[in-house]
*Asks:* 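Got a structure here, written out as structure tokens. Questions coming.
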There are 2 protein chains.
Amino acid sequence: MTTAQRPTLEAVARRAGVSRATVSRVVNGSTTVAEPIRAAVRRAVTELGYVPNLAARSLVTQRTDSVALVMPEAATRVFSDDQYFPGIIRGAAQELEAAEKQLVLMLAGSPAGHERVERYTTGRHVDGVLFASLHGADPLPGRLARLGIPVVCSGRPLGGTPVPYVDVDHIGGVNRAVQHLLDSGRRRIATIAGPQDMVGGIERLTGYQAAITPAGLPEWVAYGDFTRESGAAATWQLLAAHPDLDAIFAASDLMAHAALRTLRATGRRVPDDVAVIGFDDIETAAYTDPPLSTVRQPIQEIGRRMTRQLLRLAAGESIEPALVLPTELILRDSA
Amino acid sequence: MTTAQRPTLEAVARRAGVSRATVSRVVNGSTTVAEPIRAAVRRAVTELGYVPNLAARSLVTQRTDSVALVMPEAATRVFSDDQYFPGIIRGAAQELEAAEKQLVLMLAGSPAGHERVERYTTGRHVDGVLFASLHGADPLPGRLARLGIPVVCSGRPLGGTPVPYVDVDHIGGVNRAVQHLLDSGRRRIATIAGPQDMVGGIERLTGYQAAITPAGLPEWVAYGDFTRESGAAATWQLLAAHPDLDAIFAASDLMAHAALRTLRATGRRVPDDVAVIGFDDIETAAYTDPPLSTVRQPIQEIGRRMTRQLLRLAAGESIEPALVLPTELILRDSA
DNA sequence: TTGTAGGCGTTATCAA
DNA sequence: TTGATAACGCCTACAA
């Protein structure tokens with residue numbers, strides 16, 4: 001389907017009886033245009049339905065007015081119901097909207113996807129790059145940073161090159177949670193840890209250890225990948241090894257939810273026999289049976305702050321190398 | 001931070017000792033280049049780390065190689081844990097990735113956001129537009145279609161202009177669900193309907209009516225907006241009006257989940273006293289108490305199919321005006 | 001305050 | 001098969 005040519009600056013200029021330059025000035029809000037002319041141009045713009053061609057503008061301004069949000073995750077995790085990625089997306093979208101920039105979403109779960117993202121971002125097709133999460137010592141953020149491309153990560157990058165990031169106080173939050181378990185008399189406290197190639201997984205385990213060890217208690221650890229399935233498996237594992245455990249701290253609410261179910265399946269009552277605390281405070285947490293106590297992290301705020309940092313970076317400002325947001329222990333009925 | 005200039009076609013051409021045109025041909029895979037020259041150009045590209053400037057390319061090709069995905073939703077709904085939007089996003093992302101196109105995500109919950117989306121999309125900054133949902137008779141899809149901009153919607157558009165869409169068989173799915181309730185002896189069947197400015201909300205209610213009416217039973221309807229809160233409120237309403245109801249069909253799993261909780265709060269047992277069926281089959285559905293029976297819709301597949309249709313449209317092919325995917329009744333323990 | 005003119009990096013049309 | 005060369009639509013010195 002061939003469509004009517006869209007009007008260009010030139011067309012507007014002709015219609016308004018001025019030069020292209022003047023139209024450009026009006027469109028870009030320059031103050032050095034006389035009011036009557038400005039009005040005439042505005043009218044011409046409206047009549048013709050003129051909209052600037054971003055490609056042309058980008059070509060000369062060297063900006064693209066778009067930002068990439070990269071999610072280096074296997075498909076299954078990105079959009080399960082754990083709300084992490086959606087929360088980041090939403091926070092970023094809000095801030096970018098305010099800044100009139102576009103959000104380009106890139107999934108990079110597979111090696112091919114990761115490579116695609118690398119090509120695209122290093123090719124400077126965006127003004128900056130946000131990483132919604134990171135696995136292992138992914139070299140890409142560092143590489144981009146060294147190329148002078150603005151980057152901000154969610155979670156402290158494990159790679160060598162320092163890259164600005166926004167994270168939450170995992171350790172503090174988990175510490176408070178486990179401390180609460182100790183305070184309420186629990187003494188056989190296990191944990192379902194998250195993936196150990198991610199900072200969140202690592203630090204939440206550290207937080208558990210930091211509370212357990214000083215209390216002279218043994219560490220009982222099983223590993224999951226934040227999903228429900230892995231949480232169920234880990235719970236069975238813990239129960240097999242330590243049938244007498246009296247509390248579980250799970251590094252994600254999804255895993256905690258699975259633990260709740262599994263414990264019930266084995267006839268254990270929560271919190272009477274076993275207390276459970278999760279991490280995240282997803283919406284479902286208030287609706288589990290019993291309602292889940294958890295460590296809340298402000299996911300959407302992470303997305304917002306990352307974006308704000310990135311925009312400052314892209315504007316040439318220098319920014320804090322790290323921003324750490326607080327976590328909060330939410331007590332419901334499971335502990 | 002000033003960065004080393006990125007290499008241009010010109011630079012590669014000089015390095016390889018050929019003209020810009022030849023480099024362009026090699027980069028774009030033209031077959032009319034002699035092998036030795038092609039090799040030399042490839043080498044120069046690698047050595048210089050050349051990446052084409054998409055803005056420049058777009059300027060001359062008139063394509064942007066990007067597609068907008070618009071979500072005209074209030075922030076609260078887009079990223080609750082109902083997985084609808086994330087599922088659409090993921091399906092679209094997969095297909096776009098395969099087609100080497102970028103996904104530009106646009107939230108349009110507020111009037112300002114909606115207007116922003118309109119400016120951007122009508123400005124032809126993307127090769128096509130996907131609507132993840134629609135409220136009322138939103139004129140935007142029709143307007144874009146008339147401008148010759150490829151558009152595909154999720155859910156039949158209520159506006160006047162016909163726009164290609166992908167949807168699921170709401171009515172059939174709901175019909176089967178209510179029929180199942182009837183078959184198991186329920187006779188006082190209420191429904192929590194979805195928002196009546198959305199096709200999904202409307203048709204799921206129609207499906208309920210289409211099963212209830214022929215059975216000579218009364219329609220008991222309360223309205224929600226697909227969220228848990230609204231589902232809880234609607235359940236209270238229904239119970240107040242019809243304390244003796246023996247089944248509830250809810251137009252979303254989130255609302256069904258809230259119904260489950262509310263029923264329990266009033267001392268009713270599910271499914272003994274009241275049967276409950278939801279719609280969506282979100283991940284949580286298998287984890288509610290009791291596990292939720294529901295009508296499954298293939299959300300991710302909707303996203304994929306929409307995108308494929310859009311790409312065909314953008315390629316100049318003509319496509320089916322509508323694609324309707326099947327739904328499936330999943331029986332668990334709540335009914 | 002306004003206009004002229006050059007150039008941003010590609011692709012595409014011709015010639016050679 | 002390769003190379004000039006002209007667009008593509010816009011911004012921005014610089015000149016008037």
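Naming: A, B, ... by sequence-line order, numbering from 1 per chain.
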*Asks:* Please list, chain by chain and in numerical order, all residues satisfying salt bridge (charged side-chain N to carboxylate O under 4.0 Å, His left out) with A/Arg42, sequence neighbours excluded.
*Replies:* none
*Asks:* Rounded to whole angstroms, how far apart are CG on B/Leu9 and P on C/dG7?
*Replies:*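 Taking CG of B/Leu9 and P of C/dG7, I get 18 Å after rounding.
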*Asks:* Heavy atoms within less than 4.0 Å of DNA chain C: which residues of residues 32-48 of chain B have one? Give them sorted by number.
*Replies:* none
*Asks:* Quick one: B/Asp65 CG to C/dT11 P, roughly how many Å, whole number?
*Replies:*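 The answer, rounded to whole Å, is 11 Å.
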*Asks:* How many Å lie between NE2 on A/His125 and C1' on C/dT10, as a whole number?
*Replies:* 12 Å
*Asks:* If I take atom CZ in residue B/Arg57 and atom C1' in nucleotide D/dA7, what distance separates them, rounded to the nearest angstrom?
*Replies:*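 The answer, rounded to whole Å, is 17 Å.
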*Asks:* A/Gln62 has an atom CD; how far is it from atom P of C/dT10, in whole Å?
*Replies:* 11 Å
*Asks:* Whole angstrom is fine here: how far is it from CD in B/Glu10 over to P in C/dT10?
*Replies:*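 In whole Å, C/dT10 P and B/Glu10 CD are 10 Å from each other.
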*Asks:* Does B/Leu134 reach the side chain of B/Val199, with side-chain heavy atoms less than 4.5 Å apart?
*Replies:*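 Heavy-atom side-chain distance check fails, nothing below 4.5 Å.
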*Asks:* At what distance, to the nearest 0.5 angstrom, does CG of B/Asn53 lie from CG of B/Leu9?
*Replies:* 9.5 Å
*Asks:* Got a sec? Which of residues 16-29 of chain A come in under 4.0 Å of DNA chain C, heavy atoms?
*Replies:* A/Val18, A/Ser19, A/Arg20, A/Ala21, A/Thr22, A/Arg25
*Asks:* Ignoring hydrogens, what is the shortest heavy-atom contact between A/Gly123 and B/Val51? Give both atom names and the distance.
*Replies:*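 Reported closest heavy-atom pair: CA-CG1, 3.7 Å.
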*Asks:* Which pair of heavy atoms, one from B/Val126 and one from B/Val129, lies closest together, and at what distance?
*Replies:* CG2-CG2, 4.0 Å
*Asks:* Write down the distance between CG (B/Leu54) and C1' (C/dC8), rounded to a whole number of angstrom.
*Replies:* 14 Å
*Asks:* Can you list the residues that meet the salt bridge (charged side-chain N to carboxylate O under 4.0 Å, His left out) rule with A/Arg116, with sequence neighbours excluded?
*Replies:*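 By the salt bridge (charged side-chain N to carboxylate O under 4.0 Å, His left out) rule, A/Arg116 matches B/Glu97.
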*Asks:* With sequence neighbours excluded, what pairs up with A/Glu115 under the salt bridge (charged side-chain N to carboxylate O under 4.0 Å, His left out) test?
*Replies:*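 Applying salt bridge (charged side-chain N to carboxylate O under 4.0 Å, His left out) to A/Glu115 gives A/Arg119.
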*Asks:* Taking all non-hydrogen atoms of both residues into account, name the closest pair between A/Ile89 and A/Leu103 and its distance.
*Replies:*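 Closest approach of A/Ile89 to A/Leu103: O-CD1, 4.1 Å.
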*Asks:* Let me test you: for the helix from C/dT1-D/dA16 to C/dA16-D/dT1, what is the angle between the axes at its two ends (five pairs each), rounded to 10 degrees?
*Replies:* 40°
*Asks:* Answer whether the closest heavy-atom distance between the side chains of A/Glu73 and A/His135 falls below 4.5 Å.
*Replies:*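 The answer is yes; the side chains approach within 4.5 Å.
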*Asks:* What is the minimum heavy-atom distance between A/Met306 and A/Val152, and which atoms define it?
*Replies:*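 Heavy atoms only, the tightest pair is CE-O, 3.7 Å.
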*Asks:* Is there side-chain contact between B/Tyr165 and B/Pro157, with heavy atoms separated by less than 4.5 Å?
*Replies:* yes
*Asks:* Pick the nucleotide of DNA chain D nearest each of B/Thr31 and B/Leu59; which residue has the one closer to the 5' end?
*Replies:*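 Its nucleotide being nearer the 5' end, the pick is B/Thr31.
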